[in-house]
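Since the structure comes first, as structure tokens, the remarks are kept for the end.
A, B, ... follow the sequence lines: proteins, then strands. Residue 1 opens every chain. From a predicted model like this one, the values you see are computed outputs, not experimental measurements. Basis for what follows: all heavy atoms, side chains included, without hydrogens, waters or symmetry-related copies.
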Protein chains: 2
Amino acid sequence: MSRRDDDQGGSSAGPSVTARVLGILSAFGPGAEALTLSGIARAAGLPLSTAHRLVGELATWGALERGEDGRYHVGLRLWEVGALAPRSLGLRERAMPYLEDLYEATRQNVQLGVRDGHEVVYVERLAHPEAVRVFSRVGGRMPLHATGVGQVLLAYAPAAVQEEVLAGPLPALTPRTITDPQVLRRTLAAVRREGVAVCDGMVDLLAMSVAAPVRGEDERVVASLSVVVPSAGAEPRAIVPAVRAAARGISRALGSPAARRRPLGIVTTPPTAPADAERGA
Amino acid sequence: MSRRDDDQGGSSAGPSVTARVLGILSAFGPGAEALTLSGIARAAGLPLSTAHRLVGELATWGALERGEDGRYHVGLRLWEVGALAPRSLGLRERAMPYLEDLYEATRQNVQLGVRDGHEVVYVERLAHPEAVRVFSRVGGRMPLHATGVGQVLLAYAPAAVQEEVLAGPLPALTPRTITDPQVLRRTLAAVRREGVAVCDGMVDLLAMSVAAPVRGEDERVVASLSVVVPSAGAEPRAIVPAVRAAARGISRALGSPAARRRPLGIVTTPPTAPADAERGA
DNA sequence: ATCGCGCTTCCGGCCACCGGAAGGAGCACG
DNA sequence: CGTGCTCCTTCCGGTGGCCGGAAGCGCGAT
């Protein structure tokens with residue numbers, strides 16, 4: 001795959017054209033929305049002339065666009081194709097109405113995320129301009145262990161993924177971030193038991209998040225949604241039911257049989273058996 | 001031999017590797033969110049083995065993902081990069097709160113679109129599950145002349161673009177769609193004069209849309225937003241002010257000086273001079 | 001004026017890409 | 001139980017597309 005400059009054992013190969021093109025796309029990211037040609041070449045590790053040729057083709061197609069200042073940014077055409085990702089469009093489309101309601105009820109921050117590897121990717125975010133500042137953004141990534149959405153996704157992830165995360169480093173974003181694997185393990189068990197994760201001050205000391213799992217047609221947890229509220233004077237008890245209800249509503253819209261079976265109402269006593277059994281799956 | 005299909009040089013660019021990769025991405029689209037390898041090869045006009053190799057690389061990087069049924073769909077990684085497009089993320093981020101309010105007030109459909117060539121691309125859409133069925137979708141395209149959002153974007157587009165559209169074919173989506181260039185020309189003038197477009201039954205006989213322009217920091221129209229309501233018994237007068245106010249709010253959030261200068265209120269008498277002068281720009 | 005930076009174009013050599021062909025897996029049918 | 005599909009995967013020799021150093025241009029700063 002990565003045929004960098006590594007010449008090993010006889011027949012070596014340079015990076016394929018495809019890899020170079022993807023490398024150019026990788027040069028863009030949060031905090032690097034617009035780049036000069038040289039900047040792209042530098043970031044992608046390509047000679048300037050090569051970058052020039054490839055970027056030119058990408059721009060012609062519409063994957064990149066050139067601003068008035070000469071810098072390149074991601075183009076509308078690429079966004080269009082990306083919008084077809086089922087984990088974005090299909091999920092978002094059905095979840096939106098529920099996120100709406102939750103946003104309207106709290107006027108704070110509502111987030112929807114999916115897991116990719118050892119990170120959570122935020123697929124949607126509704127934020128009131130005057131709400132607590134949240135570090136996340138649509139398309140952004142965060143570690144699983146430190147956020148509400150992430151802890152939920154991790155709690156219901158395959159056992160292998162959980163062990164990998166527990167074994168790896170657990171960076172602290174604030175003094176209150178969980179960094180002890182044992183504490184995290186117990187927290188995940190609690191999340192499975194309660195069906196909701198409450199993270200207070202783990203990303204930002206001033207913010208608290210309440211998250212719940214969203215299930216797909218095969219009952220697997222496919223996403224997680226959360227509400228972020230100011231840490232000071234927050235009352236989780238008032239929010240937890242709303243978050244759980246919204247998560248259940250989305251699960252139902254996605255075709256989750258369990259969410260359809262139980263007609264809402266007994267949210268205060270979630271079933272523990274299936275939740276714990278899930279970890280093995 | 002290798003470039004046999006289009007080696008005449010007549011049709012578009014030669015199939016460089018980059019072009020082939022982009023061709024693969026182009027194979028996906030609304031109604032084709034998941035494709036088999038052969039399907040991709042067919043759609044992109046590539047030999048199966050070539051498609052196999054390129055798709056494999058794309059999947060390794062995360063641009064494509066392979067579902068459990070073996071079919072490929074657009075991957076989360078590509079969505080992430082696409083989300084960096086300034087015309088999507090930057091615009092959406094600031095517009096969301098206003099779209100929210102508009103959605104909350106109408107409980108129907110709210111749309112935000114930008115122009116790309118001779119089409120409008122919908123960047124955001126809030127829809128109530130029980131609202132009028134709307135044909136558009138996030139990431140979807142529609143012709144400029146037939147939709148509210150499109151007419152606004154066209155009315156403030158560069159003169160060259162307007163002439164191209166007026167000269168080209170104007171396909172009818174319903175019997176009420178504008179197909180006469182002269183009628184369209186007068187309609188666009190009215191849009192500039194009024195600062196809003198009202199499209200009744202042009203996309204769907206049962207739906208009506210009210211659209212208004214969104215301006216950026218340099219006063220140019222960068223987007224357009226609309227509300228779609230049932231055609232029957234609709235009262236535009238009740239909606240127009242709300243749409244105009246929301247559009248102005250977004251313009252202000254984007255840094256439009258004019259929107260900042262005028263403190264809301266005299267929306268019934270919009271300035272005609274700058275609006276008409278704009279067409280020349 | 002001189003420098004530095006970034007962008008664009010050019011072109012010969014070489015090697016990575018191409019794609020036909022062969023083989024395997026799964027499924028529907030007679 | 002063969003037969004005929006469709007789809008996927010792998011292999012390999014020939015060659016033409018890609019690579020990237022180098023030169024030239026435009027612009028702003030010193």
B:R66 meets the side-chain contact (heavy atoms from CB on, under 4.5 Å) criterion, sequence neighbours left out, with B:Y72
Provide, to the nearest angstrom, the distance between the CD atom belonging to A:E57 and the P atom belonging to C:dT9.
14 Å
Those residues at least two apart in sequence (or on a different chain) that pass salt bridge (Lys or Arg N to Asp or Glu O under 4.0 Å) with B:E33 are B:R137
Identify which nucleotide among C:dC17, D:dG20, C:dT8 has an atom closest to any side-chain atom of A:H52, counting heavy atoms from C-beta outward.
C:dT8
Mind listing the N/O atom pairs, protein and nucleotides 21-25 of chain D, below 3.5 Å?
residue : atom : partner : partner atom : Å
D:dG21  : O6   : A:S49   : OG           : 3.3

Once you apply a heavy-atom cut-off of 4.0 Å, does A:R66 come out as touching a base, just sugar-phosphate, or nothing?
sugar-phosphate
Of C:dC17, D:dT9, D:dC7, the nucleotide closest to the side chain of B:Y72 is D:dT9
Expected list for residues 35-50 of chain B: side-chain donor-acceptor pairs under 3.5 angstrom, two or more places apart:
residue : atom : partner : partner atom : Å
B:T36   : OG1  : B:G39   : N            : 3.0

Considering every strand and a 4.0 Å limit on heavy-atom distances, what is the contact class for B:S38: base, sugar-phosphate, or nothing?
sugar-phosphate
Rounded to the nearest angstrom, tell me the gap between atom CZ in B:R71 and atom P in D:dT6.
18 Å
Closest to the A:L37 side chain, choosing from C:dC17, C:dG19, C:dC7:
C:dC7
Is there any side chain to side chain donor-acceptor pair (under 3.5 Å) pair reaching into residues 73-92 of chain B, and which pairs are they, with sequence neighbours excluded?
A:W79-B:S88, A:S88-B:W79, A:E124-B:R92, A:R141-B:E80, B:E65-B:H73, B:R87-B:D116, B:R92-B:E124
Sequence neighbours excluded, the answer for side-chain contact (heavy atoms from CB on, under 4.5 Å) partners of B:E217 is none
Please enumerate all residues that pass side chain to side chain donor-acceptor pair (under 3.5 Å) together with B:T18, with sequence neighbours excluded.
A:E57
Of all residues at least two apart in sequence or in a different chain, which pass the side-chain contact (heavy atoms from CB on, under 4.5 Å) check with A:A223?
A:L91, A:L112, A:V114, A:V214
Atom-to-atom span, CD1 of A:I40 to C1' of C:dT8 - whole angstrom
15 Å
Compute the bend angle of the helix from C:dA1-D:dT30 to C:dG30-D:dC1 from the end axes (five pairs per end), rounded to 10°.
40°
Select base, sugar-phosphate, or nothing to describe what B:L48 touches, counting heavy atoms under 4.0 Å on all strands.
base
Does a side chain donor of either A:H145 or A:Q151 reach within less than 3.5 Å of an acceptor in the other side chain?
no
